[in-house]
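Report on the structure given below.
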Amino acid sequence: MEYKNILFSVEEGIATITFNRPKALNAMNSETMLELKDAVTACKDDDNVKVVILTGSGDKSFVAGADIAQMQDLEPCDALAFMEMGHETLRLLETLPKPSIAAVNGFALGGGTEISMACDMRFVAESAKFGQPEILIGLIPGWGGTQRLSRLIGMGRAKELVLGGGQIDAGRAYEIGLANRVYPLDQLMEETRKFARKLAGMPAFGVKMAKHSINFGYDLSLDNANRLEVECCAQCFSTRDQKEGMKAFLEKRKPNYIGR
Ligand code: CO8
């Protein structure tokens with residue numbers, strides 16, 4: 001697929017997806033969502049991709065939400081289709097068997113916060129702003145904001161943001177667990193890539209199982225979730241990387257992982 005609204009590159013096992021509609025502060029129209037879905041699928045299918053970074057072009061915005069100009073006159077059935085496509089894409093991203101990091105370089109509003117929450121981690125610029133301002137334009141979040149936000153920061157804080165429509169800065173986002181790390185804007189990509197390289201060097205099957213266990217155990221009873229963890233951990237013993245990791249530890253040397 002030819003991309004018009006995103007940039008996509010793979011380097012050193014790290015795929016970078018950059019939202020690139022600077023005139024609209026990288027707002028997501030349906031074309032951009034389709035491109036995102038295609039890029040995420042490519043990351044899933046490509047064994048060379050170990051980690052995915054999502055960011056926005058320019059120094060002002062990650063994603064300023066769904067494209068309001070495109071949404072304005074939607075019929076309910078078209079709005080439903082747009083929302084379903086968003087959910088499908090973000091679930092694909094969330095359940096990608098590889099880690100993803102949102103490098104939030106500015107506004108992450110509405111759909112922008114929602115996309116960042118479908119990533120495993122959020123590394124954010126000091127200038128970043130998060131929020132679910134949909135209520136201010138007569139909507140509610142439609143790409144998982146009412147669900148993922150309360151899971152991440154708790155119901156009371158989620159309700160404050162979703163019902164009140166306010167924005168929070170990077171410091172507050174860090175305080176409430178929405179942001180993992182905060183950096184000056186000019187260091188954001190470098191620091192994000194540094195951590196991505198670290199993840200890319202981990203035993204890939206272990207990373208996949210750890211993510212699977214956290215993602216799919218979350219909504220289970222503790223007994224069932226613990227059982228899931230046991231099974232995921234047991235599967236790691238089928239890999240060459242587990243043997244190598246333990247052998248290297250005992251031989252006091254660096255492990256040489258092959259991703260199997
Ligand atoms: N959609 C379309 N265009 C946008 C958007 C957007 N979400 N955000 C900014 N733009 C455009 C502006 O219209 C403007 O265009 P132009 O230069 O042609 O007038 C340009 O980007 C620059 O924006 P501003 O001049 O407003 O820049 P400021 O620095 O003054 O303000 C803000 C920046 C605060 C980010 C401001 O632009 C803003 O409030 N944007 C809207 C934020 C918002 O409400 N986002 C939520 C949208 S709803 C949503 O995400 C729902 C998701 C899932 C539902 C799907 C349902 C079908």
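Nothing fancy with the numbering, it's 1 onward along the sequence. Remember, it's 1-based here, ligands and their atoms both numbered in the order they're listed.
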Quick check on [X] - does any of its heavy atoms sit under 4.0 Å from an atom of ligand 1?
| X | value |
| --- | --- |
| P133 | yes |
| E114 | yes |
| M28 | no |
| K23 | yes |

Less than 3.5 Å between some nitrogen or oxygen of [X] and one of ligand 1, yes or no?
| X | result |
| --- | --- |
| A27 | no |
| G111 | yes |
| K60 | yes |
| M71 | no |

Counting heavy atoms only, which of D78, L136, I115, I68 is nearest atom 2 (C) of ligand 1?
I68
Heavy atom to atom 40 (N) of ligand 1, shortest distance: which of G110, G165, A64, G112 holds it?
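Nearest heavy atom to atom 40 (N) of ligand 1 lies in A64.
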Determine yes or no for a side-chain-to-main-chain donor-acceptor pair under 3.5 angstrom, with E35 supplying the side chain and K4 the backbone.
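Present.
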Tell me which one of V40, T55, I53, L7 satisfies side chain to side chain contact (heavy atoms under 4.5 Å, CB included) with I17.
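Going through V40, T55, I53, L7 one by one, the side chain to side chain contact (heavy atoms under 4.5 Å, CB included) with I17 is satisfied by V40 alone.
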Distance below 4.0 Å between atom 27 (O) of ligand 1 and any protein heavy atom?
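Protein heavy atom within 4.0 Å of atom 27 (O) of ligand 1: present.
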Please report whether atom 33 (C) of ligand 1 has a protein non-hydrogen atom at a separation of less than 4.0 Å.
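There is a protein heavy atom less than 4.0 Å from atom 33 (C) of ligand 1.
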Is it true that, when you exclude K194 itself, more than 12 heavy atoms of the residues, nucleotides or ligands shown sit nearer than 6.0 Å to its NZ?
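Not more than 12 within 6.0 Å, no.
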Compute the centroid of each ring, for F107 and then for F62, and state whether the two points are separated by less than 6.0 Å.
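For F107 and F62, the ring centres are not under 6.0 Å apart.
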Axial cation check for F195 ring with R181, 6.0 Å and 45° limits:
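That pair qualifies as a cation-pi contact.
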Quick test of your reading of the model: are E175 and R172 salt-bridged, counting only N-O distances below 4.0 Å?
yes
